[in-house]
Amino acid sequence: MLDLKTFAKTVRISDGAWGTELQNASLEAGASPELLNVENPAAVAAVARAYVQAGSDVILTNTFGANRFILAGHGLGERTGELARAGAEISRREAGARVKVFASMGPTGKIVMMQEAPEADISAAFAEAAVALAEGGVDAILLESFAQLDEMALALRAVRGAVDLPVVASMTFASGPDGTSTMMGNSPGDLAALAAECGAAAVGANCGAGPEGFLKVARLFRAAGDLPIWIKPNAGLPQRGPDGKTFFPMNPQDFAAAAAGLIEAGANFLGGCCGTTPRHIAAVRKVVSCEL
């Protein structure tokens, strides 16, 4: 099993956004990205390959919504295992021997404290996806973009109980007076404590803000414990263009310029979330290689 603490002794570059890359290829608005894993695997493979070529040490999988709850909204709930496994297999093939594959697992969309679904069913959904992803050959599981600490707890325990793989716990911190809280009011320290309690191999933050917003978050993680830190900012804050379409303003060079500060703040894994592309990751790779 991959030892993330040893692996992260050297700063590792992860990948960038997948959704926008797939939309540029063939994904229609409102469609399930995970369905492309079986209906257009070449498009999915092209995204994975682009990030490998950009210099990523870690790439994700096209499986963010590959859980029974999210897929049920597309009439695909019963195909969870198939779609998750296929997504993992695509990234595994494109990664080759050098690059690691971390399986992307997002939240269920259910509010745990409101009991919108039984906790046992939520846990079972995470476990089901984790087993299929492990069968697809991933090196680790990434729980990303979570907003609820109680859902993260369910996911961590379910995944750790279902598969023998390291798990990264990443939430979105962009709320509160200084932008270091989740939408539900949890802090990086809260997540760090939960991660240690549940046996996570790394802890981190993704989405919600640009690189500057992640400096405080990374420092808070570093102050809260010694787990490797996973950081994936957006390419700035979203803006609306004259055509009415949303875009992210940071170009690859400006995005990469923030890399040194994030590493100094504690980041062990550094990549990009919404608005980032293989060009952003290639720029980060260049800067980090120079720094090291």
Just say parallel, tilted or perpendicular for the rings of F255 and H280, cut-offs at 30° and 60°.
-> perpendicular
What is the ring orientation for F221 with F173, classed by angle as parallel under 30°, tilted 30 to 60°, or perpendicular over 60°?
->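 Geometry flag for F173 against F221: perpendicular rings.
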Here the side-chain hydrogen bond (donor to acceptor under 3.5 Å, both in side chains) pairs for residues 236-252, sequence neighbours left out, are N251-D254
Just wondering, more than 12 heavy atoms not from [X] lying within 6.0 Å of its [atom1]?
X	atom1	result
D164	CG	no
E212	CD	yes
M113	CE	no

Donor-acceptor side-chain pairing of [X] and [Y] below 3.5 angstrom:
X	Y	answer
S181	N186	no
S56	D15	no
T63	E34	no

Could you go through the salt bridge (charged side-chain N to carboxylate O under 4.0 Å, His left out) check for R222 and E264 one step at a time?
-> CA-CA 10 Å; R222 181 54 64 226; E264 184 180 355; over 6 Å; no
Shared hydrophobic cluster, W230 / L220 (ILVMFWY, side-chain heavy atoms < 4.5 Å) |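 Result: no, two separate clusters.
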Considering residues at least two apart in sequence or located in another chain, which fulfil the side chain to side chain donor-acceptor pair (under 3.5 Å) criterion with N234?
->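 With neighbours one apart ignored, the set is empty.
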